[in-house]
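Just so it is clear, the model here is predicted, and its values are computed rather than measured. No hydrogens, no waters, no symmetry mates; every other heavy atom, side chains included, goes into these values.
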Amino acid sequence: MNAAAGARAPFPWNEVMGAAFGLLRLSPASFWTMTPLEFSAALNALGLAGGHAPGRNELARLMRLFPDSNNPEKSNDG
């Protein structure tokens with residue numbers, strides 16, 4: 001089932017533990033004793049929190065800074 005059908009998605013343990021052990025370099029003991037608030041604060045401190053979608057103005061600014069190129073010769077592929 002999916003969220004639209006009323007079921008909840010399973011907790012993303014692989015992603016959370018990957019961030020804890022791989023990015024934050026926590027020991028298992030440190031990870032399992034942290035509260036969710038502490039874990040979130042640790043991710044926030046490194047700029048790794050879930051974040052938010054950019055607003056219209058931020059998106060426009062990013063599009064000006066990094067325009068799409070329709071010219072295949074300017075592509076970074078190959």
Side-chain angles (χ1 to χ4, degrees):
M1 288 200 290
N2 59 30
R8 293 186 180 175
F11 189 80
W13 284 111
N14 287 339
E15 290 84 357
V16 171
M17 289 190 296
F21 304 134
L23 297 173
L24 297 174
R25 312 295 269 170
L26 296 173
S27 69
S30 294
F31 171 69
W32 290 111
T33 58
M34 291 179 95
T35 66
L37 184 59
E38 292 168 332
F39 185 71
S40 178
L43 291 175
N44 280 330
L46 296 178
L48 301 172
H52 63 282
R56 184 176 298 233
N57 292 337
E58 177 67 4
L59 182 58
R61 185 183 76 79
L62 290 170
M63 290 172 68
R64 282 191 307 275
L65 288 172
F66 306 101
D68 289 339
S69 174
N70 292 328
N71 184 345
E73 292 178 9
K74 291 185 178 180
S75 174
N76 290 334
D77 299 337

Revision key, fill the gap. Taken in chain and number order and not counting sequence neighbours, the residues that satisfy ring pair (Phe, Tyr, Trp, His ring centres under 6.0 Å) with W32 are W13

Point to revise | Test ring pair (Phe, Tyr, Trp, His ring centres under 6.0 Å) applied to F31 - qualifying residues, sequence neighbours left out | key: F21, F39

Check your understanding: With S27, which residues qualify under side chain to side chain contact (heavy atoms under 4.5 Å, CB included), at least two apart?
Key -> A29, S30

Exercise for review: Not counting sequence neighbours, which residues clear side chain to side chain contact (heavy atoms under 4.5 Å, CB included) with L46? List them please.
Suggested key: L24, L48

Point to revise | Listed partners of S40 passing side-chain hydrogen bond (donor to acceptor under 3.5 Å, both in side chains), at least two apart | key: none

**Study point:** Greater than 12 external heavy atoms within 6.0 Å of M17's CE
**Key:** yes

Exercise for review: Flag yes if L23 and L37 sit in one hydrophobic cluster, no otherwise; membership is Ile, Leu, Val, Met, Phe, Trp, Tyr, and two members link when side-chain heavy atoms are under 4.5 Å apart.
Suggested key: no

**Study point:** Same cluster (ILVMFWY, side-chain, under 4.5 Å), L65 and L59
**Key:** no

Practice item. Could you note down all residue pairs passing salt bridge (Lys or Arg N to Asp or Glu O under 4.0 Å) where residues 12-39 supplies at least one of them, sequence neighbours left out? Key: none

